[in-house]
2 protein chains.
Amino acid sequence: MTLTNNSKRRKELVAIAARLFFEQGYERTTVRILAEAMGIKSGSLFHHFTDKQAILCAVIESGMQSAMQIAHEALEGVQDPQDKLLALTKAHLSTLLTDRNAHVVALYEWRSLTPESLHHLVGLRDEYESLWRSVIQECIQADVLHGEESVVRHFALGALNWTVQWYDPQGQRTPDDLALALVNLLMDRTHFN
Amino acid sequence: MTLTNNSKRRKELVAIAARLFFEQGYERTTVRILAEAMGIKSGSLFHHFTDKQAILCAVIESGMQSAMQIAHEALEGVQDPQDKLLALTKAHLSTLLTDRNAHVVALYEWRSLTPESLHHLVGLRDEYESLWRSVIQECIQADVLHGEESVVRHFALGALNWTVQWYDPQGQRTPDDLALALVNLLMDRTHFN
DNA sequence: TTCTTATTCTAGCGCTTGCTCGGTTTTAGA
DNA sequence: TCTAAAACCGAGCAAGCGCTAGAATAAGAA
């Protein structure tokens with residue numbers, strides 16, 4: 001379910017907006033700056049979006065939907081709890097660090113959303129987090145992870161989301177390396193390499 | 001070293017600004033809003049600060065300095081690497097969650113700083129992170145923590161900093177409980193309770 | 001072609017923004 | 001009580017903001 005239409009042109013514009021919001025922040029990116037980057041005049045923007053805020057919402061929504069899809073694909077056919085955790089972690093980092101723009105915007109700029117947009121997106125986020133909830137729960141029951149589920153989940157997602165602050169895509173470490181490092185750190189004994 | 005003066009009145013204003021920046025974000029908090037909350041007119045603000053941006057810088061700086069001080073106090077007289085890690089973690093969470101405003105602003109709004117302010121604050125941050133660097137290094141050498149130092153440190157600080165997104169001060173968990181949970185999660189076997 | 005719909009442009013309105021400046025009041029120490 | 005510094009006010013400027021409305025153009029179906 002989307003809030004408004006989803007034309008091809010609109011998606012192009014959303015991708016450009018994502019980059020600009022990521023680079024300079026939502027509030028500092030004016031509609032004129034957006035329009036210029038899109039090759040149109042500022043007035044034309046409001047043919048595609050009702051609001052400036054609606055652009056932000058579309059950016060965040062696109063990021064969340066792709067994250068959800070990749071996560072589902074990653075979990076397909078995996079049975080072992082630890083394998084699930086690793087797969088989910090890899091999926092999370094891979095969307096986070098490749099489709100970086102939209103996700104960073106989501107983490108930073110949700111305060112500028114209207115209550116309606118926020119409610120819509122919180123619903124999507126909860127859907128995504130419930131994937132994590134069940135996988136971590138399985139790991140705890142399988143005794144490969146210890147602690148309260150919600151605390152462990154928040155710590156894990158925090159560690160992952162924080163990577164956007166320091167990870168260098170040009171460096172020698174791949175997202176998968178990082179995922180492995182985190183899972184090994186969280187679990188009692190090293191199981192993967 | 002501070003960028004400008006540090007009068008008593010100024011500190012009061014900084015605390016008020018921290019709250020407002022935290023609640024509504026830097027860009028959305030206008031100088032008029034700031035001034036009203038401080039009980040003065042917007043023009044008077046610029047007697048204390050050269051810029052709006054200078055207010056932001058002062059807010060972040062105050063948070064960092066208090067974090068640094070608390071961390072140093074926490075480490076005083078502690079010898080065992082694991083004890084150091086726990087102490088540092090507790091200190092970090094305690095500043096983060098009690099002096100919440102300034103820290104959240106630091107995490108979210110650094111993009112609005114001028115290059116000069118940013119450079120100044122990055123220096124302070126590096127000083128603080130080097131505390132973490134040495135403690136984690138000690139833990140790895142003592143074989144109670146495994147992995148690359150920089151990766152472990154970033155994961156740990158990420159998990160901690162993310163708490164501002166979900167931790168409920170009204171809930172039953174204390175910051176110290178959380179600190180314990182994280183350290184136990186990171187280390188191979190449970191050492192504390 | 002002709003009709004329809006999607007997209008863009010031009011021009012600008014009404015409002016808010018950060019910030020300035022000359023003058024006044026308040027405060028604190030000698 | 002006098003004085004100098006610190007704090008504040010009032011009025012407003014120049015620039016930029018999100019957004020609108022009506023006309024022009026491009027594209028696609030009939």
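Keep in mind it's a predicted model, so treat the numbers as computed, not measured. Reminder, nothing fancy here: chain letters follow the sequence lines and each chain counts from 1. Excluded from the calculations below are hydrogen atoms, water molecules and symmetry mates; all remaining heavy atoms, backbone and side chain alike, are included.
For CD of B:Glu36, the number of neighbouring non-hydrogen atoms (other residues, nucleotides, ligands) closer than 6.0 Å is 12 at most.
For DNA chain C, the residues of residues 30-44 of chain A within the heavy-atom distance limit of 4.0 Å (strictly under) are A:Arg32, A:Ile40, A:Lys41, A:Ser44, sorted by number. Sorted by residue number, the list of members of residues 17-27 of chain B with any non-hydrogen atom under 4.0 Å from DNA chain C is empty.
The pair A:Arg111-B:Glu109 counts as a salt bridge, with a side-chain nitrogen and a carboxylate oxygen less than 4.0 angstrom apart. In summary, A:Arg153 and A:Glu148 do not engage in a salt bridge, as defined by a charged side-chain N under 4.0 Å from a carboxylate O.
For the ring pair (Phe, Tyr, Trp, His ring centres under 6.0 Å) condition, the pairs that include at least one residue of residues 60-102 of chain A, sequence neighbours left out, are A:His92-A:Tyr128, A:His92-A:Trp132.
Listed by chain and number, the residues in a salt bridge (charged side-chain N to carboxylate O under 4.0 Å, His left out) with B:Arg19 are B:Glu23 (sequence neighbours excluded).
Contact between B:Phe155 and A:Leu178 at its shortest, heavy atoms only, is CZ-O, 3.6 Å.
A sub-4.0 Å separation between OP1 or OP2 of C:dA6 and a side-chain N or O of A:Arg10 is absent.
Remark: the backbone N or O of B:His103 is not paired with any side-chain donor or acceptor of B:Tyr108 at under 3.5 angstrom. Panel note: side chain A:Thr89, backbone A:Leu85; a donor-acceptor pair is recorded below 3.5 Å.
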Just the atom pairs and distances: protein N or O near nucleotides 22-30 of chain C's N or O, under 3.5 Å.
none

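Between A:Glu12 atom CD and C:dT7 atom P there is a gap of 10 Å when expressed in whole angstrom units. Taking atom NE2 of A:His48 as the reference point, atom C1' of D:dC19 lies 15 Å away to the nearest angstrom. If you measure from atom CG of B:Asp51 to atom P of C:dT17, you get 17 Å, rounded to the nearest angstrom. Remark: P of C:dA6 and NZ of A:Lys8 are 16 Å apart, rounded to the nearest angstrom. Following rounding to the nearest Å, A:Arg9 (CZ) and C:dT8 (P) show an atom-to-atom distance of 5 Å. Rounded to whole Å, atom P of D:dG10 lies 17 Å from atom CZ of B:Phe46. The distance from atom NE2 of A:His47 to atom P of D:dG22 is 17 Å, rounded to the nearest whole Å.
Comparing the start and finish of the helix from C:dT1-D:dA30 to C:dA30-D:dT1, five pairs each, the helix axis swings through 20°, to the nearest 10 degrees.
Side chain to side chain, B:Gln69 and B:Glu73 meet the donor-acceptor criterion of an N or O pair below 3.5 Å. Side-chain atoms of B:His154 and A:Gln165 include no donor-acceptor pair closer than 3.5 Å.
A cation-pi arrangement is present between B:Lys52 and B:Tyr26 under the rule of less than 6.0 angstrom and at most 45 degrees off the ring axis.
At a threshold of 4.5 Å between non-hydrogen side-chain atoms, the residues A:His47 and A:Ser44 do not count as touching. Annotation: side chain of A:Cys57 is in contact with side chain of A:Leu121 (closest heavy-atom distance under 4.5 Å).
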